[in-house]
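Positions are given from 1, in the same order as the sequence printed here.
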Amino acid sequence: MFVELESIFNNVGSFREVDYSFIPEDEELVSGSVKVDAKIENRAGIVTFSGKAYFMLVADCDRCAERFEREMSVDFNHVLVTEIQNEDNDDYVVVEGMKLDVDSLLREDIILSLPSQLLCSEDCKGLCHICGANLNKKQCGCKKPVDSRLAVLMQLLEDDNK
């Protein structure tokens, strides 16, 4: 969705509410549409785009490899400008032609807000590194391998118990 911003940039105190949904293109982690509740406003000559985006995250857990879904939301706040002197400055979003591509900007916000490790739950136990069983579903009977440097000590313990 493109939003025409010329009237907002030219009139201090003006604003526009943005309430809509979109389906992100080529985004495998989002199921369905992204709902956006936002406001674009010009306060004292500074134009901001702020609000919240709601979406359903669908991913494979990084520990147990099970597919999971989770409702998520992202708060965003951007300062919009029509031009910028220092092009390496990420504090501002440059709006070319007085039109803001909201979908593209929010898609980027969603991707950047995702955690580096996607887990089905905070206490996910993962997979057994020996037999591959999902430890969230069942306990396996595998014994941890003993460090070869400690094998002699384990043998002493076994001799003591005899």
Side-chain angles (χ1 to χ4, degrees), residues 1-140:
M1 175 173 138
F2 284 90
V3 178
E4 176 63 48
L5 297 176
E6 186 170 1
S7 63
I8 294 176
F9 272 105
N10 293 333
N11 298 307
V12 174
S14 63
F15 68 92
R16 177 174 177 186
E17 305 231 351
V18 179
D19 183 17
Y20 82 109
S21 297
F22 73 97
I23 296 176
E25 295 177 19
D26 302 327
E27 186 48 55
E28 300 165 2
L29 296 174
V30 176
S31 172
S33 63
V34 176
K35 183 178 179 337
V36 179
D37 292 325
K39 187 175 188 178
I40 303 171
E41 68 181 318
N42 183 335
R43 297 175 105 190
I46 299 173
V47 178
T48 59
F49 174 53
S50 58
K52 199 168 206 166
Y54 305 89
F55 62 97
M56 182 67 72
L57 172 69
V58 179
D60 294 326
C61 180
D62 288 335
R63 284 190 191 152
C64 69
E66 290 288 321
R67 193 105 177 129
F68 70 94
E69 289 186 358
R70 179 178 304 129
E71 288 183 10
M72 295 191 70
S73 64
V74 175
D75 292 317
F76 56 88
N77 189 15
H78 299 285
V79 176
L80 308 178
V81 295
T82 56
E83 61 183 350
I84 192 166
Q85 300 295 324
N86 182 359
E87 292 184 21
D88 293 335
N89 193 335
D90 291 334
D91 295 335
Y92 305 102
V93 175
V94 178
V95 180
E96 295 184 18
M98 297 282 189
K99 291 182 182 177
L100 175 64
D101 183 359
V102 177
D103 296 357
S104 177
L105 182 60
L106 292 180
R107 181 179 178 275
E108 194 174 298
D109 285 342
I110 288 170
I111 292 170
L112 292 174
S113 73
L114 294 176
S116 60
Q117 190 175 40
L118 299 171
L119 301 177
C120 60
S121 67
E122 289 293 321
D123 59 346
C124 178
K125 297 175 184 171
L127 302 174
C128 173
H129 65 283
I130 297 171
C131 69
N134 185 339
L135 299 175
N136 295 314
K137 295 182 179 179
K138 67 176 185 172
Q139 289 296 326
C140 64

For the residue pair Leu100 and Val95, what are the closest heavy atoms and their distance? N-CG1, 3.9 Å
Pairs where residues 2-14 contributes a residue and the test salt bridge (Lys or Arg N to Asp or Glu O under 4.0 Å) is met, not counting sequence neighbours: none
Identify each donor-acceptor pair in which a side-chain atom of residues 123-133 lies under 3.5 Å from a protein atom, sequence neighbours left out, and give them as a table.
residue	atom	partner	partner atom	Å
Asp123	OD1	Ser121	OG	2.9

Which atom names give the shortest non-hydrogen contact between Ser116 and Asp62, and what distance separates them? O-OD2, 4.1 Å
Quick one: salt bridge (charged side-chain N to carboxylate O under 4.0 Å, His left out) partners of Glu66, sequence neighbours excluded? Lys137
Sequence neighbours excluded and cut-off under 3.5 Å, please list the side-chain donor-acceptor pairs for residues 31-47, or say none.
residue	atom	partner	partner atom	Å
Lys35	NZ	Asp19	OD1	3.1
Lys35	NZ	Asp37	OD1	3.0
Asn42	OD1	Gly45	N	2.9
Asn42	ND2	Ile8	O	2.8
Asn42	ND2	Phe9	O	3.4

Mind running side chain to side chain contact (heavy atoms under 4.5 Å, CB included) on Phe55 and Leu57 for me, showing each step along the way? CA-CA 6 Å; Phe55 62 97; Leu57 172 69; 4.2 Å; yes
Would you give me the side-chain donor-acceptor pairs under 3.5 Å for residues 101-112, sequence neighbours excluded?
residue	atom	partner	partner atom	Å
Asp101	OD1	Ser104	N	3.4
Asp103	OD1	Met1	N	3.1
Asp103	OD1	Tyr20	OH	2.4
Asp103	OD2	Met1	N	2.7
Arg107	NE	Glu25	O	3.1
Asp109	OD1	His78	NE2	3.3
Asp109	OD2	His78	NE2	2.7

Go through the structure and list residues passing side chain to side chain contact (heavy atoms under 4.5 Å, CB included) with Asn11, not counting sequence neighbours. Ser7, Ser14
Once salt bridge (charged side-chain N to carboxylate O under 4.0 Å, His left out) is applied, do any residues pair with Lys138, and if so which ones, sequence neighbours excluded? none
What donor-acceptor contacts under 3.5 angstrom involve side-chain atoms of residues 67-76, with partners at least two apart or in another chain?
residue	atom	partner	partner atom	Å
Arg67	NH1	Asp60	OD1	3.1
Arg70	NH1	Leu119	O	3.4
Arg70	NH2	Leu119	O	2.6
Arg70	NH2	Cys120	O	2.9

